[in-house]
Amino acid sequence: MATKIKSVFFCQSCGYESSKWMGQCPGCREWNTFVEEAAKPKTQQVKGLPTGSRNSGTYVPPKTLSEIVMNEEERYDTHIGELNRVLGGGLVKGSLILVGGDPGIGKSTILLQVAGNLSADTRSVLYISGEESLQQIKLRANRLGTFKDSLKFMCETNLSDIEDAITGMKPEVVVIDSIQTMYNENVSSAPGSVSQVRESTSVLLRIAKSMNISIFIVGHVTKEGQVAGPRVLEHMVDTVLYFEGDRHASYRVLRAVKNRFGSTNEIGVFEMQDKGLVEVTNPSEYMLEGRPENASGSVVTCSIEGTRPILIEVQALVCRTNFGFPRRQANGTDFNRVNLLAAVLEKRVGLQMGEYDAYVNLAGGMRIAEPSLDLGICLALISSFKNKPIADDVCAFGEVGLSGEVRSVSLGEARAMEAKKLGFKTLIVPKALEKKIRTSVSDLEIIGVSSVADAMKIL
Ligand code: TYD
Ligand code: MG
């Protein structure tokens, strides 16, 4: 009997593997993401295993912690402060970093800038593009500045050729733009498929670890379609960075979602200008730019991103509903949270929210789901409901519970300092934090509130 070529189905979004086609992926709940790929012969599956594992033939006995010799981890300075921060203090030698994001968000731009900066430190860098021609890269590079000769460019998609090039040149840093265009001849699936993307990454992982080269991998986030998203390789790499932001707005946020060499939840803020991405060192100022004066439904609140406080304007619009069912909308924050807070206002403060539509927006296009925004959202809703503006120099933060109580949040002092730095005069904070903030931050009027009803009285 002739043996049938086996095939498997992969979810292109999260890499879920299944023996049959499914409409909805049980892993990530996306629809229509399954694509058939030829199954790998069993013998190939050990490829890309790190050295020291079962098949390598070198047995290393288990060690105690004190026997493990540490060598100081070496970090390269990328000369982009925001990126260094997200990476945990610089680019670690021999690490594999995935940079994900929507097409056109600026991944190639920032990596070209990083490559340029590293080459200015006379580090050898190899930039491999599978998407753009050398002329296109040169055009972009001309806009970004001048580059040293220790940076070399190459247009290639075949991984064996790339491996040869890396072995020949022995660079310290490599950029692969993008992983979805690379292919490994040993895998029969098309470039961009889950098998190809995984296999290519494991080859790059082996190169990074065996030759101690730092490798940046670009991965496009795809909503649907035939290419695998970067999520399928998150588990293989050391660091995962995602570029977020509205393509129409000029600011971009770089977020670490996984980092073996530093903290996650750190963010870096950039602005896309005509000379590439420029760091925004004071995001609060940037986020509050163009704030309306004396408008009802607007209040400034403070959120913590990583270790950094960011002031942000919460806007709310409450207006009478024309239908029996009030409409709610949340832009930049959690929709269910807005619903919940509207219910709290109805029950605990006596606001007839059931008869009103409510729209909440975080100005500047930021996306934040931190509970410390609750008090700000409540005050914005109340202010719009009563059509009563809140003074421009007021900043409020705190978590709101279901009984309408205002609860403490972390890093109260840091938030207060940030508000003071930007010229705010009055802080509305949870009662539990009042004393602590008052002793550590001077020249600010601190109002401690224990419930939303308390906070409403101040308005
Ligand atoms: P790009 O970095 O190619 O995005 P990605 O690699 O993530 O797909 O380009 C980002 C966008 O930024 C592109 O539409 C053009 C724009 N851009 C600028 O506004 N200024 C610049 O200096 C550069 C290089 C690009
Ligand atoms: Mg690109």
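For ligands, and for the atoms within them, numbers begin at 1 and follow the listed sequence. Keep in mind that the numbers below use all heavy atoms, side chains included, and drop hydrogens, waters and symmetry copies.
- Both tests pass for R415 against the ring of F397: distance under 6.0 Å to the centre and angle within 45° of the axis.
- The N/O atoms of G104, backbone and side chain alike, include one that comes under 3.5 Å of an N/O atom in ligand 1.
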- Step by step, would you call R140 with T109 a side-chain hydrogen bond (donor to acceptor under 3.5 Å, both in side chains)? CA-CA 8 Å; R140 186 199 301 264; T109 307; 3.0 Å; yes
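- Interatomic distance, CD1 of I179 versus OG1 of T157, reported as 11.5 Å (0.5 Å rounding).
- Using the six-membered ring where Trp is involved, F34 and Y16 have ring planes that are perpendicular, over 60° apart on the 30 and 60° scheme.
- In summary, S108 places an N/O/S atom under 2.8 Å from the Mg ion (ligand 2), meeting the contact criterion.
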- Apply side-chain hydrogen bond (donor to acceptor under 3.5 Å, both in side chains) to the pair S178 and E131, showing each step before the final yes or no. CA-CA 7 Å; S178 65; E131 303 196 333; 2.8 Å; yes
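- Each of the atoms 22 (O) of ligand 1 lies under 4.0 Å from some heavy atom of K275.
- Within ligand 1, the atoms closer than 4.0 Å to a non-hydrogen atom of Q273 are 18 (C), 19 (O), 20 (N), 21 (C), 22 (O), numbered from 1 in the order shown.
- Not a single N or O atom of E132, backbone or side chain, sits closer than 3.5 Å to an N or O atom of ligand 1.
- For ligand 1, the atoms lying closer than 4.0 Å to a non-hydrogen atom of D274 are 20 (N), 21 (C), 22 (O).
- Close contacts between ligand 1 and G276 involve ligand atoms 21 (C), 22 (O) [criterion: under 4.0 Å to a heavy atom].
- Here is the list of ligand 1 atoms found below 4.0 Å of a heavy atom in P103: 8 (O).
- Using modelled atom types, one finds no donor on one side chain facing an acceptor on the other under 3.5 Å when comparing D121 with Y76.
- Of the charged side-chain nitrogens involved, at least one lies within less than 4.0 Å of a carboxylate oxygen, so that D238 and K209 count as a salt-bridged pair.
- In this comparison of H220, K107, R140, the heavy atom closest to atom 3 (O) of ligand 1 sits on R140.
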